[in-house]
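Residue numbers start from 1 in every chain, and the chains themselves are labelled A, B, ... in the order their sequence lines are given, proteins ahead of strands. Quantities reported herein were computed from a predicted structural model and do not represent experimental measurements. Hydrogens, waters and symmetry mates play no part in the numbers below; they use all other heavy atoms, side chains included.
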There are 2 protein chains.
Amino acid sequence: MPGVMRDLEELVEPPALTGSVSYRLRLLQIAAYKSFEKVVSGFGTAPRYYGMLKLIQANPGIHQMRLAEAIYLDRSSLVPIIEALSNEGWLERRPTRHDRRVRRIYLTDLGERQLALLDAEVERHEAMVTEGFEAAEIQRLLADLGRIDANLRGFLSVSNEGA
Amino acid sequence: MPGVMRDLEELVEPPALTGSVSYRLRLLQIAAYKSFEKVVSGFGTAPRYYGMLKLIQANPGIHQMRLAEAIYLDRSSLVPIIEALSNEGWLERRPTRHDRRVRRIYLTDLGERQLALLDAEVERHEAMVTEGFEAAEIQRLLADLGRIDANLRGFLSVSNEGA
DNA sequence: TATTGTTATACTCTATAACTATA
DNA sequence: TATAGTTATAGAGTATAACAATA
């Protein structure tokens, strides 16, 4: 009776997906994000903006526009995020003297302290993600991902030239 | 006058991000998705579910539950997607004899033909993503991503054991 | 009792367009 | 005229919970 066992068969991954870097990236990102949310808890809305907080930390006084570009967001989409993290005490917006349209973003002291705690959780997650990799392998992987990033940024900026 | 040039300075990427595979994956996926949408057009809502369509093609008659798991979606979230693609003629649901709760999913003939056209667009995009990579480098990268996928799936299934 | 697919519903995230205040 | 930030709004996309049919 062929067909009866069908429900128990392995899922076939077609070559077009198995061999696609884009597809792997997509599924990996979903899985990485879900696992990250399981690892991290008790930090409010901040964990999902960990990357942004680290960028602010490394670039104190960064403009909102600049920040939005860096994380591929529209400037309007960034506003409620900045708002929420300000309300939770992570960061603050300060006006500038030279150009009063611009507001510069800084971590608060509380933000700095909390971010240090969050760093530990993030490292724990990263260790799980790269379990079984040697340091050199991780460096090589990061280099490869960097090359892909360059390809994509190049393509996106070229195809945005008209805008 | 230090500080005046600040607006033109390069963005500093902190080591915690530069060295994080998770973070790279996240940003890459966003960029890859945006570029994919620019490359592909004229296929309705299908391109964003290209991976799912290829899975159905490779696993004709797959159950909805099975499909949902494979792409990390809740079974309820899959329903409107299946619905839309059915309405656009890409696929169809057929009842089963043995277990009448289950509906099996198949590509239609139209779906097969359109998917063949979409394949070409996807290949074009993939070529851009991996531009500058040699075939062996791509294989190595895919292998690395596969190892990460295994780590994540292992972690997610373990931490879901209670559920 | 458990499972598959479905529905109703609400929540999150995002972009677009219009607005303000500055430049 | 153009730009930085904001607001209002609408559209995706997702999960949760409850339901019907079936096992």
Side-chain angles (χ1 to χ4, degrees), chain A residues 4 6-8 26-27 29-31 33-34 36-38 44-52 56 61-87 91-106 156 160 163, chain B residues 4 6-8 26-27 29-31 33-34 36-38 44-52 56 61-87 91-106 156 160 163:
Chain A
V4 166
R6 223 155 194 289
D7 301 1
L8 302 175
R26 182 176 169 85
L27 280 197
Q29 198 279 125
I30 296 172
Y33 192 70
K34 294 204 177 191
F36 181 58
E37 285 191 323
K38 294 205 172 190
T45 53
R48 75 180 7 123
Y49 304 113
Y50 174 75
M52 194 190 75
I56 295 170
I62 189 173
H63 299 192
Q64 286 189 206
M65 284 282 311
R66 197 77 190 293
L67 194 53
E69 281 170 20
I71 58 179
Y72 293 103
L73 275 187
D74 188 87
R75 64 183 197 273
S76 68
S77 303
L78 190 59
V79 175
I81 297 169
I82 297 292
E83 194 79 8
L85 291 172
S86 295
N87 291 339
L91 47 82
E92 59 186 5
R93 282 166 290 194
R94 300 189 207 145
T96 60
R97 295 161 299 285
H98 305 305
D99 186 341
R100 289 190 311 191
R101 293 171 304 182
V102 173
R103 302 177 75 178
R104 292 174 178 278
I105 301 180
Y106 299 84
L156 285 172
N160 270 339
Chain B
V4 165
R6 222 153 194 290
D7 300 3
L8 302 174
R26 182 176 170 85
L27 281 197
Q29 197 280 125
I30 296 172
Y33 193 70
K34 295 204 177 190
F36 181 58
E37 285 190 323
K38 292 205 174 192
T45 52
R48 80 180 2 124
Y49 305 114
Y50 174 76
M52 194 191 75
I56 295 170
I62 189 173
H63 300 191
Q64 287 188 207
M65 282 284 309
R66 196 75 189 294
L67 194 53
E69 281 169 21
I71 57 179
Y72 293 102
L73 274 187
D74 188 87
R75 65 183 195 274
S76 68
S77 302
L78 190 60
V79 175
I81 297 168
I82 297 292
E83 194 79 8
L85 291 171
S86 294
N87 290 340
L91 47 82
E92 60 186 4
R93 283 167 288 194
R94 300 189 207 146
T96 60
R97 294 160 301 284
H98 304 305
D99 185 340
R100 290 191 309 190
R101 292 172 303 183
V102 172
R103 302 177 74 179
R104 293 174 177 279
I105 302 180
Y106 298 85
L156 285 172
N160 270 339

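By the salt bridge (Lys or Arg N to Asp or Glu O under 4.0 Å) test, A:Arg101 is found to be paired with A:Asp99, residues two or more places apart in sequence or in another chain being considered. For the side-chain hydrogen bond (donor to acceptor under 3.5 Å, both in side chains) test, no residue two or more places apart in sequence or in another chain qualifies with B:Ser86. Applying the side-chain hydrogen bond (donor to acceptor under 3.5 Å, both in side chains) criterion to A:Arg48, with sequence neighbours excluded, gives A:Tyr33, A:Glu37. The side-chain hydrogen bond (donor to acceptor under 3.5 Å, both in side chains) check on A:Ser76 picks up A:Asp74, with sequence neighbours excluded. Here B:Arg94 pairs with B:Glu92, B:Tyr106 under the side-chain contact (heavy atoms from CB on, under 4.5 Å) rule; sequence neighbours left out. A:Ile30 meets the side-chain contact (heavy atoms from CB on, under 4.5 Å) test with A:Leu27, A:Lys34, B:Tyr72; sequence neighbours excluded. Remark: B:Arg93 pairs with B:Glu83 by the side-chain hydrogen bond (donor to acceptor under 3.5 Å, both in side chains) rule, at least two apart or across chains. Take A:Phe36 and apply the side-chain contact (heavy atoms from CB on, under 4.5 Å) test, not counting sequence neighbours, and it matches A:Val40, A:Pro47, A:Val122, A:His125. Partners of A:Glu69 according to the side-chain contact (heavy atoms from CB on, under 4.5 Å) rule, which considers only residues two or more places apart in sequence or in another chain, are A:Met65.
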For nucleotides 20-23 of chain D, give me every protein contact, N/O to N/O, under 3.5 Å, one pair per line with atom names.
unit_1 : atom_1 : unit_2   : atom_2 : d
D:dA23 : OP1    : B:Arg100 : N      : 2.9

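If you take CG of A:Leu78 and P of D:dT6, they are 9 Å apart, rounded to a whole angstrom. One atom, CZ of A:Arg103, and another, C1' of C:dA21, lie 12 Å apart when rounded to the nearest Å. Atom CD1 of A:Ile82 and atom P of C:dC13 are 14 Å apart (whole Å). One can place CD of A:Glu69 at 16 Å from P of C:dT14, the figure rounded to the nearest angstrom. Here the P atom of nucleotide C:dA15 and the NZ atom of B:Lys38 are 12 Å apart, to the nearest Å. The CD atom of B:Glu83 sits 12 Å away from the P atom of C:dA8 (whole-angstrom rounding).
Contact of the B:Val79 side chain with the B:Arg75 side chain is not registered, since no non-hydrogen atoms from C-beta on lie closer than 4.5 Å. In this structure, the side chains of B:Arg103 and B:Ile82 stay at 4.5 Å or more apart for every pair of heavy atoms.
Looking at heavy-atom distances under 4.0 Å, A:Val79 makes contact with a base.
Overall bending of the helix from C:dT1-D:dA23 to C:dA23-D:dT1, expressed as the angle between end axes built from five pairs apiece, is 10° (10° steps).
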Self-check item: Reading 5' to 3' through nucleotides 12-19 of chain D, protein heavy-atom contacts under 4.0 Å coded B for base, S for sugar-phosphate only, - for none
Solution: SSSBBBB-
